[in-house]
Number of protein chains: 2
Amino acid sequence: MTTPLSHPTVTQKDVAKLARVSQAAVSRWTSGRGYVAADVRERIEKAVSELGYAPHPLAQGLSSGQSDIVAIVMANITNPWYPVVLERITQALQALQLQVLLFNATPPQSVDDVVPDVLRYRVRGAIITTAALSSTAAQQFVERGIPVVLFNRTTRTGGVHSVSCDNTDGGRTAADTLIKSGARHVAFLGGSSESSTSTDRLRGFTQQLHEWDRTLVATVEGEFTYEWGFQAIQKLMEAHPEIDGIFCADDEIASGAMDALRYNMGKRIPEDIRILGFDDHPIAAKAAYQLTTIRQPVEDMIQQSIDLLLHGEIAKPSTQLLKGQLIVRGSV
Amino acid sequence: MTTPLSHPTVTQKDVAKLARVSQAAVSRWTSGRGYVAADVRERIEKAVSELGYAPHPLAQGLSSGQSDIVAIVMANITNPWYPVVLERITQALQALQLQVLLFNATPPQSVDDVVPDVLRYRVRGAIITTAALSSTAAQQFVERGIPVVLFNRTTRTGGVHSVSCDNTDGGRTAADTLIKSGARHVAFLGGSSESSTSTDRLRGFTQQLHEWDRTLVATVEGEFTYEWGFQAIQKLMEAHPEIDGIFCADDEIASGAMDALRYNMGKRIPEDIRILGFDDHPIAAKAAYQLTTIRQPVEDMIQQSIDLLLHGEIAKPSTQLLKGQLIVRGSV
DNA sequence: CTGTTAGCGCGTTCAC
DNA sequence: GTGAACGCGCTAACAG
């Protein structure tokens, strides 16, 4: 029995001919929509496996207007938290027979820059894990009926869903944790001041500090990188040597701060100074850091995102806020 | 002046009607192939900008058989070296107006599992950054004329290109570096024994050790993870307490080993024991590790990969081997 | 239940 | 140079 496994492009027409049915019947079979009698189905299935037929998703999309491609717009792939996000998302999507088209929006490129491209592809939906997109860009999606989910970002922009950790609540937890561990003079080492992620965390932190009748000694904002955390902490400590507790907007910043503190300034953690991060990314668990942090519920966030993408109503944008979880290690 | 910016799906036909030319003329204009008179071109361009027309890549692909999508198959996104690879690749590809379709091949899923999917999409080419694919899978690509580049993996499989660091050479450098720094009893902490990456590094290491009249005290192989490095080093040191120099198959393993050595076994690095890694991923530069390592020439590797993808001949598979560079920090 | 017909948006002959 | 006509692989009406 010869197996002509993979000749160049076998189409529905080929299957139809071999099975002696119409091409439309084959289409009904592949799509699962419409009726196909038992004997016809058998002949089709036989032909399909004989020819090694596989539907062409791009052609399917063209005629149905329904793509099975989901766009993911990312900027901070280098920040170790995002790879885990990306990995989980692609896995979840692949399990649903959806494919991931990846768009990079690293600094020279902004989210708005790549929007035209993702639009051109008539994607099924878009997950955006980077700075909030402009309202005009958002509108482009809405007009075309393409669902958008902002991941790890909140927004007031109309028409787009958003899923993120309850950063304000996390900020409060951070304050409690730091104070209870004995910190008396605390500061905040933020990420970008334009990201809701950073500002929300700061807000909750400040609020809760207030509850304890403590005030924030200092706040510095920059970017979500190791390097920035490393530099910023030094200036911060010069200006405010009394600081003995620091809440960092994410674990990357925290790891930079810890390294500067330990290896450049000879501080002990947590004896001299307590450090708290956010995310719980892979590095936080390493023995060299043992960073106490607030873990984002990645799995749930992804599940929600995909749910909204597939079943959410564009007309009623939803904002999901999931609680983070304090992971106690050795840095407080 | 009304700007009907983004009505649902404006096509070549719409442009043609507005410009009072044929749809074929518009097609020639967008593709740049074929002749278009000056006045016609002007009318088209005017209509295009008025309507905000953008070609539909999927339809382009359908009729031309040429896709502008490149598949990237990855497994180890969580290993910090790969995100930087992914970031660079997507940037380079996007600059060329090519889009990235990402496929995840994490353990339950193997490369061969996702091959059918990437095939279905009639992609322009595929870059595979994970375990070598089976020869039957490779053949599927060849039959369809889809160029494949194995990134960071070598192969004897026919029809696929491969770009990687000269791992054998890197292994030799590792031996030299360790020995010159005074190590007398060296061991190798490998990654997966099935990856050419790990075995090539080991081979060069062993060879060069031989040149120095030294033998390898021990070799252990497992996986390219922090956790494995952390555990493996402990067993290794129990069995061979005399070890004072270790070459790790990658920086992830090395960081795990360093942590275990320092925080579980009270060893000093590099005084008591010297550690050498491979890759030069972000963590290696952190103050907490200061890992001496062999940097892979990522930029060049990516450039070569894309070159082969776009201009390489499938009939003559090419194997590129690029030299790594020793980055001296504090761990030897 | 099935086959026929007509598109989806675009590239590509081939006459004019 | 240009446009009419056809086909890429598939879905979605429509009659029968």
Side-chain angles (χ1 to χ4, degrees), chain A residues 6-45 47-48 51-69 97 119-124 144-145, chain B residues 6-45 47-48 51-69 97 119-124 144-145:
Chain A
S6 43
H7 273 293
T9 55
V10 17
T11 77
Q12 285 190 346
K13 200 199 296 185
D14 302 324
V15 176
K17 189 160 55 179
L18 185 62
R20 283 170 296 118
V21 296
S22 78
Q23 176 260 343
V26 182
S27 174
R28 290 193 204 96
W29 180 80
T30 52
S31 69
R33 281 180 289 273
Y35 300 91
V36 180
D39 60 326
V40 171
R41 187 185 51 215
E42 279 178 23
R43 296 215 302 279
I44 293 180
E45 284 171 354
V48 163
L51 295 171
Y53 167 76
H56 187 166
L58 272 34
Q60 279 178 289
L62 184 56
S63 60
S64 71
Q66 270 279 331
S67 160
D68 59 353
I69 295 182
Q97 292 292 324
L119 249 23
R120 283 173 357 116
Y121 275 87
R122 272 79 160 166
V123 294
R124 173 79 155 271
R144 287 171 172 72
Chain B
S6 42
H7 273 293
T9 54
V10 18
T11 74
Q12 286 190 346
K13 201 200 294 185
D14 302 324
V15 176
K17 189 160 55 180
L18 185 62
R20 283 171 296 118
V21 296
S22 76
Q23 173 262 337
V26 182
S27 173
R28 289 191 204 98
W29 180 82
T30 51
S31 68
R33 279 181 290 273
Y35 298 92
V36 180
D39 60 326
V40 171
R41 187 185 52 214
E42 278 177 25
R43 294 216 303 279
I44 292 180
E45 284 171 354
V48 163
L51 295 172
Y53 167 76
H56 187 166
L58 272 35
Q60 279 179 292
L62 183 57
S63 61
S64 71
Q66 269 281 327
S67 160
D68 59 354
I69 295 180
Q97 293 291 325
L119 249 23
R120 283 172 359 115
Y121 275 86
R122 272 72 161 173
V123 295
R124 175 78 155 272
R144 287 169 173 73

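Chain naming here is simple, since letters A, B, ... match the order of the sequence lines and numbering starts at 1 in each.
- The A:Gln12 side chain lies nearest to D:dC10 when the options are D:dC8, C:dC10, D:dC10.
- A straight line from CZ of A:Arg33 to P of C:dT2 spans 17 Å, rounded to a whole angstrom.
- Between the base of D:dG3 and the side chain of B:Arg28 there is a donor-acceptor pair shorter than 3.5 Å.
- Nearest nucleotide to the side chain of A:Ala24, out of C:dG3, C:dT2, D:dA4: C:dG3.
- Contact between the side-chain N/O atoms of A:Ser22 and the OP1/OP2 oxygens of C:dG3 is found at a separation under 4.0 Å.
- Both B:Ala37 and A:Ala59 sit near DNA chain D, but only B:Ala37 has its closest nucleotide nearer the 5' end.
- At the heavy-atom level, B:Val40 lies under 4.0 Å from the strands shown only through sugar-phosphate atoms.
- The nearest heavy atom of DNA chain D to B:Gln23 and to A:Gly61 marks one nucleotide each, and the one closer to the 5' end goes with B:Gln23.
- Taking atom OH of residue B:Tyr35 and atom P of nucleotide C:dT13, one finds them 14 Å apart after rounding to whole Å.
- To the nearest angstrom, P of D:dT11 lies 15 Å from NZ of A:Lys13.
- Between A:Ser63 and D:dT11 there is no side-chain N or O to OP1 or OP2 distance below 4.0 Å.
- Across the protein-nucleic acid pair, A:Gln60 atom CD and D:dG9 atom C1' stand 9 Å apart, rounded to whole Å.
- Nucleic acid contact class of B:Ser27 (heavy atoms, under 4.0 Å, all strands): base.
- For the pair B:Tyr53 and C:dC10, the criterion of a side-chain N or O lying under 4.0 Å from OP1 or OP2 is met.
- Nucleic acid contact for B:Val36: sugar-phosphate only, since backbone atoms but no base atoms lie under 4.0 Å from a heavy atom of the residue.
- Remark: C1' of C:dG9 and CG of A:Leu62 are 5 Å apart, rounded to the nearest angstrom.
- Residue A:Thr30 has a polar side-chain atom (N or O) positioned under 4.0 Å from OP1 or OP2 of D:dT11.
- Using a 4.5 Å heavy-atom cutoff, the side chains of A:Tyr121 and A:Ser67 are not in contact.
- At whole-Å resolution of the value, CH2 in B:Trp29 and P in D:dT2 are 15 Å apart.
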